Amino acid sequence: VQLQASGGGLVQAGGSLRLSCAASGLTFSNNDMAWFRQAPGKGREFVASITRNYNTYYTYYADSAKGRFTISRDNIENTVYLQMNSLKPEDTAVYYCAAGGTGHSPHLYNYWGQGTQVTVSS
């Protein structure tokens, strides 16, 4: 399984970024997908997930992401996205996509992308 994250960068507070994570080596449509982030000196924390229940996908967000971030997926392109709007300096972190698990704990996921740096300047 390979997860390739991209789209990070440097943005001013209030700006937007769209992260992408291209997956291969797994049956993408059957997998819950998630985004986590890790700021310097902190643990890896849940940001958002998109999970499958029968033929419906449900999205979940950390409180810090609600109303500003949107997770989505393209099962044709085997890609999960994280649209981040109204970015704040406290959103600065390395963002990771994850698969092969479910829920909000990083310990529940088996596969990880390499991470993409998001830096928000004030």
Side-chain angles (χ1 to χ4, degrees):
V1 175
Q2 288 192 328
L3 302 175
Q4 183 70 38
S6 62
L10 174 63
V11 65
Q12 288 188 331
S16 298
L17 283 173
R18 187 194 195 202
L19 306 184
S20 300
C21 176
S24 60
L26 75 170
T27 306
F28 182 78
S29 61
N30 290 345
N31 270 263
D32 296 352
M33 300 296 296
W35 287 96
F36 289 79
R37 67 186 182 186
Q38 188 164 14
K42 295 188 176 181
R44 195 165 295 189
E45 66 172 3
F46 172 78
V47 176
S49 65
I50 183 164
T51 66
R52 178 178 176 176
N53 188 349
Y54 295 98
N55 292 324
T56 302
Y57 289 99
Y58 297 88
T59 57
Y60 301 90
Y61 297 93
D63 287 344
S64 59
K66 287 178 182 176
R68 300 189 299 127
F69 295 1
T70 302
I71 188 170
S72 61
R73 63 192 297 157
D74 184 333
N75 289 341
I76 302 299
E77 297 294 330
N78 288 358
T79 301
V80 62
Y81 302 97
L82 185 68
Q83 177 67 43
M84 304 186 295
N85 299 328
S86 302
L87 283 162
K88 305 174 182 179
E90 51 263 45
D91 294 317
T92 295
V94 177
Y95 283 70
Y96 298 90
C97 58
T102 193
H104 299 182
S105 171
H107 304 292
L108 298 176
Y109 289 84
N110 292 316
Y111 307 118
W112 292 88
Q114 84 286 8
T116 185
Q117 176 71 48
V118 172
T119 303
V120 184
S121 63
S122 57

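In this text the structure is predicted, and so the values were computed from the model without any measurement.
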Tell me whether [Y] is reachable from [X] by hopping between hydrophobic residues (I, L, V, M, F, W, Y) whose side-chain heavy atoms are closer than 4.5 Å.
X: F46; Y: V80; result: no
X: Y61; Y: V47; result: yes
X: V11; Y: Y81; result: no

Do [X] and [Y] have side chains that approach each other closer than 4.5 Å (heavy atoms only, starting at C-beta)?
X: L10; Y: Q117; result: no
X: T116; Y: S6; result: no
X: L19; Y: V118; result: yes
X: N30; Y: R52; result: yes

Does Y111 OH have over 12 foreign heavy atoms under 6.0 Å away?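 Not buried by this count: 12 neighbours or fewer within 6.0 Å.
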Rounded to the nearest 0.5 Å, what's the gap from [atom1] on [X] to [atom2] on [Y]? Could you check?
X: T51; Y: Y60; atom1: OG1; atom2: OH; result: 4.0 Å
X: L87; Y: T119; atom1: CG; atom2: OG1; result: 10.5 Å
X: L3; Y: Q114; atom1: CG; atom2: CD; result: 9.0 Å
X: F28; Y: T79; atom1: CZ; atom2: OG1; result: 6.0 Å
X: Q4; Y: N78; atom1: CD; atom2: CG; result: 14.0 Å
X: K88; Y: S122; atom1: NZ; atom2: OG; result: 14.0 Å

Examine F36 together with Y109 and report whether their ring centres are nearer than 6.0 Å. yes
Minimum heavy-atom separation for [X] and [Y], please, with both atom names.
X: Y58; Y: N53; value: CE1-CB, 3.5 Å
X: Y57; Y: S29; value: OH-O, 2.6 Å
X: L26; Y: A23; value: CD2-CB, 3.6 Å

Between W112 and R44, does a side chain to side chain contact (heavy atoms under 4.5 Å, CB included) hold up when you go through it step by step? CA-CA 12 Å; W112 292 88; R44 195 165 295 189; 3.3 Å; yes
For a quick test of your reading: what N or O donor-acceptor pairs under 3.5 Å do the side chains of residues 93-104 make, sequence neighbours left out?
from	atom 1	to	atom 2	distance (Å)
Y95	OH	R37	NH1	2.9
Y95	OH	D91	O	2.6
T102	OG1	D32	OD2	2.6

Look only at the side chain of D74 and the backbone of I76, and say whether a donor-acceptor pair between them is shorter than 3.5 Å.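 Yes.
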